[in-house]
Protein chains: 2
Amino acid sequence: MMLFSELKDSDIDHILKPINNLRYAENALLYSQGDQENKVYSIRKGYIKLIQTQSNGSLRIVRLLGPGALFGIEALLDKPHRHTAISLQELDVCRINTATLKQLEREKPWLNDKILSHWEQHLSTADRWISELSSGSVRSRSLKLLTYLKEVETDRNGIETNTVRFFSHEDMASILGTSRETFSRTVSELKDKGILIQTNDKHIYQFSLPIE
Amino acid sequence: MMLFSELKDSDIDHILKPINNLRYAENALLYSQGDQENKVYSIRKGYIKLIQTQSNGSLRIVRLLGPGALFGIEALLDKPHRHTAISLQELDVCRINTATLKQLEREKPWLNDKILSHWEQHLSTADRWISELSSGSVRSRSLKLLTYLKEVETDRNGIETNTVRFFSHEDMASILGTSRETFSRTVSELKDKGILIQTNDKHIYQFSLPIE
DNA sequence: CGACGATTTGACAATGATCAAGATGTGTGG
DNA sequence: CCACACATCTTGATCATTGTCAAATCGTCG
């Protein structure tokens with residue numbers, strides 16, 4: 001899915017270069033909800049969260065994105081960003097002006113389909129967020145989240161792992177739309193029942209699922 | 001947003017015609033999650049719901065779509081349908097084979113952008129579903145849902161109305177991810193407080209919001 | 001009218017939020 | 001390398017919200 005991996009340098013050389021490779025520290029702000037910057041981002045390394053803020057001030061993480069993901073794509077339709085984007089780790093992204101990307105699209109029509117499938121990827125994830133991570137008890141949602149993170153971990157290193165890397169409880173809770181405390185209790189319960197086993201690296205858990 | 005409204009008959013005449021205008025009764029099944037039919041739909045009249053079923057059997061309505069909406073678009077990427085689509089009222093849709101639509105896109109490139117903005121529309125609604133309709137107490141979510149339906153009502157007839165048409169409580173509850181009973185109680189509470197007033201048509205409520 | 005489905009209400013149990021306190025981890029500077 | 005300060009996570013206690021089961025009411029349609 002990496003967007004530009006199939007482009008040769010020669011494909012890009014002639015373009016006036018508003019393509020930047022950027023590195024952000026953990027917890028850096030890439031853009032804020034409402035910003036209109038006409039740039040889209042592609043992740044090379046690291047993870048980010050997309051947060052949506054309501055008028056009353058409450059926050060919710062609506063997406064978690066890792067290597068290969070394309071985000072900020074609403075800019076392609078000249079819309080302001082619908083989310084606030086924040087890095088979860090040291091992050092390398094490639095940032096490109098929408099004008100440039102559109103020019104590239106005209107020259108390489110296959111890029112078009114590629115972007116479309118990123119869009120569909122977002123939509124499919126969003127639907128999953130609704131039906132799996134926002135429906136039912138915190139317990140079942142937590143399990144869904146863990147399997148989701150396991151998948152992420154799995155296709156991150158190609159192999160079927162059986163481990164989950166936790167983000168902060170604060171973030172995990174905000175993904176599920178619950179409180180830190182309730183999430184913590186749920187994890188404790190799963191540990192007690194032997195479904196989760198903490199490894200040396202405190203942020204990594206091992207899974208002994210029969211899932212669900 | 002109506003997809004084909006700008007096409008003349010002459011634009012379409014030369015095409016082998018796998019475009020159908022279909023009418024469905026209330027509560028009709030258009031397609032089921034998992035079906036692969038390579039067709040997309042555009043709504044002329046009426047509303048539908050998109051439902052996602054989890055492996056454990058639980059259901060959640062993830063989208064509500066009305067006149068002008070384009071749905072089933074995952075078919076454009078040759079994917080099976082991610083949802084089950086069911087009409088909420090008597091429904092008129094236009095159904096078109098993806099092959100045909102792709103051909104039209106090649107001939108009329110502006111169609112491309114139009115489809116893209118439908119995609120973005122879905123994504124934006126999905127994000128709202130997560131942050132507004134799936135976060136917080138049932139009370140606040142219910143209010144968000146009512147304002148959402150008011151908006152729908154409003155741009156349905158162009159005028160700023162102050163009324164909401166209810167779907168069945170079962171459906172409203174499934175939009176919010178709560179139980180019929182809890183939703184019913186919430187509505188009762190809003191009626192008691194004078195925020196909602198039932199009209200002669202029992203399905204239509206009047207709103208005396210300070211929304212917030 | 002009568003029957004069926006939808007909605008409302010009640011009672012109770014289960015789940016989750018919140019506030020507070022303690023424990024554990026992490027990073028920094030000495 | 002240790003010690004302290006700060007952040008994060010855990011746990012407890014309590015209260016509010018929500019789910020569930022059951023019964024009653026309302027509405028609609030034949």
Side-chain angles (χ1 to χ4, degrees), chain A residues 25-27 49 54 56-61 86 88-90 133-146 164-193 195-205, chain B residues 25-27 49 54 56-61 86 88-90 133-146 164-193 195-205:
Chain A
E26 182 174 334
N27 240 300
K49 55 182 170 182
Q54 291 191 249
N56 65 30
S58 64
L59 303 179
R60 175 102 189 242
I61 296 178
I86 295 180
L88 289 170
Q89 317 168 341
E90 190 181 74
L133 304 183
S134 306
S135 307
S137 68
V138 172
R139 188 173 191 288
S140 67
R141 284 186 275 152
S142 299
L143 283 168
K144 293 283 184 186
L145 174 57
L146 297 183
V164 190
R165 170 177 296 281
F166 273 39
F167 295 104
S168 77
H169 282 202
E170 173 97 45
D171 282 342
M172 308 271 279
S174 171
I175 290 171
L176 295 174
T178 187
S179 66
R180 293 184 296 264
E181 293 94 327
T182 301
F183 179 71
S184 177
R185 281 183 238 273
T186 306
V187 173
S188 297
E189 184 199 332
L190 294 177
K191 282 200 285 188
D192 288 351
K193 293 194 178 167
I195 297 174
L196 278 182
I197 302 161
Q198 211 165 13
T199 64
N200 312 350
D201 181 338
K202 300 293 184 196
H203 293 164
I204 298 186
Y205 285 76
Chain B
E26 183 174 333
N27 241 299
K49 55 182 171 183
Q54 291 191 249
N56 64 32
S58 64
L59 304 178
R60 175 101 189 242
I61 296 178
I86 294 179
L88 289 169
Q89 314 167 343
E90 190 182 76
L133 304 183
S134 307
S135 307
S137 67
V138 172
R139 187 174 191 286
S140 67
R141 284 185 274 152
S142 299
L143 282 168
K144 294 282 183 186
L145 173 57
L146 297 184
V164 189
R165 171 177 296 281
F166 273 40
F167 296 104
S168 77
H169 282 203
E170 173 98 43
D171 282 342
M172 308 272 278
S174 170
I175 290 171
L176 295 174
T178 187
S179 66
R180 292 184 295 261
E181 293 94 329
T182 300
F183 179 71
S184 176
R185 279 182 237 274
T186 306
V187 172
S188 297
E189 184 199 333
L190 294 177
K191 281 200 283 187
D192 288 350
K193 294 194 178 167
I195 297 175
L196 278 182
I197 302 160
Q198 211 166 12
T199 64
N200 312 351
D201 181 337
K202 300 293 184 194
H203 293 164
I204 298 186
Y205 284 77

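Each chain gets a letter, A, B and so on, in the order its sequence line appears, and its residues count up from 1.
- Every side-chain contact (heavy atoms from CB on, under 4.5 Å) that B:K193 has, sequence neighbours left out, goes to B:R139, B:E189, B:I195.
- Among the protein residues, B:S179 comes within range of the nucleic acid bases, having at least one heavy atom under 4.0 Å from a base atom.
- Of the inter-residue distances, the one linking A:I61 atom CD1 with A:L133 atom CG reads 11.0 Å to the nearest 0.5 angstrom.
- Nearest-nucleotide assignment on DNA chain C puts the 5′-proximal partner with B:E170, out of B:E170 and A:R139.
- With a heavy-atom cut-off of 4.0 Å to chain A, the contacted part of DNA chain C has its first and last nucleotide at C:dG16 to C:dG25.
- Five base pairs at each end of the helix from C:dC1-D:dG30 to C:dA21-D:dT10 define two local axes, and these are offset by 40° (rounded to 10°).
- For the pair A:G177 and B:S184, nearest-nucleotide mapping onto DNA chain C gives the more 5' position to B:S184.
- With values rounded to the nearest 0.5 angstrom, B:T199 atom OG1 is found 8.5 Å from B:Y205 atom OH.
- Ring geometry for A:F166 versus A:F183: interplanar angle of 30 to 60°, hence tilted.
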Taking N or O atoms only and anything under 3.5 Å, show me the protein contacts with nucleotides 23-28 of chain D, one pair per line.
none

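- Partners of B:E26 according to the salt bridge (Lys or Arg N to Asp or Glu O under 4.0 Å) rule, which considers only residues two or more places apart in sequence or in another chain, do not exist here.
- When all heavy atoms are compared, the tightest approach of B:M172 to B:L145 is O-CD2, 4.0 Å.
- Considering all non-hydrogen atoms of both residues, B:R60 and B:S134 come closest at NH2-OG, 2.9 Å.
- Here the shortest heavy-atom pairing between A:F167 and A:L88 reads CE2-CD1, 3.7 Å.
- In terms of heavy atoms, B:V164 sits closest to B:L146 at CG2-O, 3.9 Å.
- Panel note: side chain A:R141, backbone A:T178; no donor-acceptor pair is recorded below 3.5 Å.
- Regarding A:R180, its CZ atom lies at a distance of 16 Å from the P atom of D:dT11, rounded to whole Å.
- For the atom pair CG (B:D192) and CZ (B:R185), the distance works out to 13.0 Å, reported to the nearest 0.5 Å.
- Rounded to whole Å, atom P of D:dT10 lies 11 Å from atom CG of A:L196.
- Minimum interatomic distance between B:S140 and B:S135 (heavy atoms only, all atoms of both residues): OG-O, 4.3 Å.
- Nearest approach of A:S174 to A:L59, heavy atoms of both residues: OG-O, 4.3 Å.
- Atom-to-atom, CD of A:E189 to P of D:dT11 comes out at 12 Å; the value is rounded to the nearest Å.
- A:D192 has its CG atom 11 Å from the P atom of D:dT10, to the nearest Å.
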Quick test: give all pairs of protein nitrogen or oxygen and nucleotides 12-16 of chain D nitrogen or oxygen below 3.5 Å, distance rounded to 0.1 Å.
residue : atom : partner : partner atom : Å
D:dG12  : N7   : A:R185  : NH1          : 2.9
D:dG12  : O6   : A:R185  : NH2          : 3.0
D:dA13  : N6   : A:R185  : NH2          : 3.2

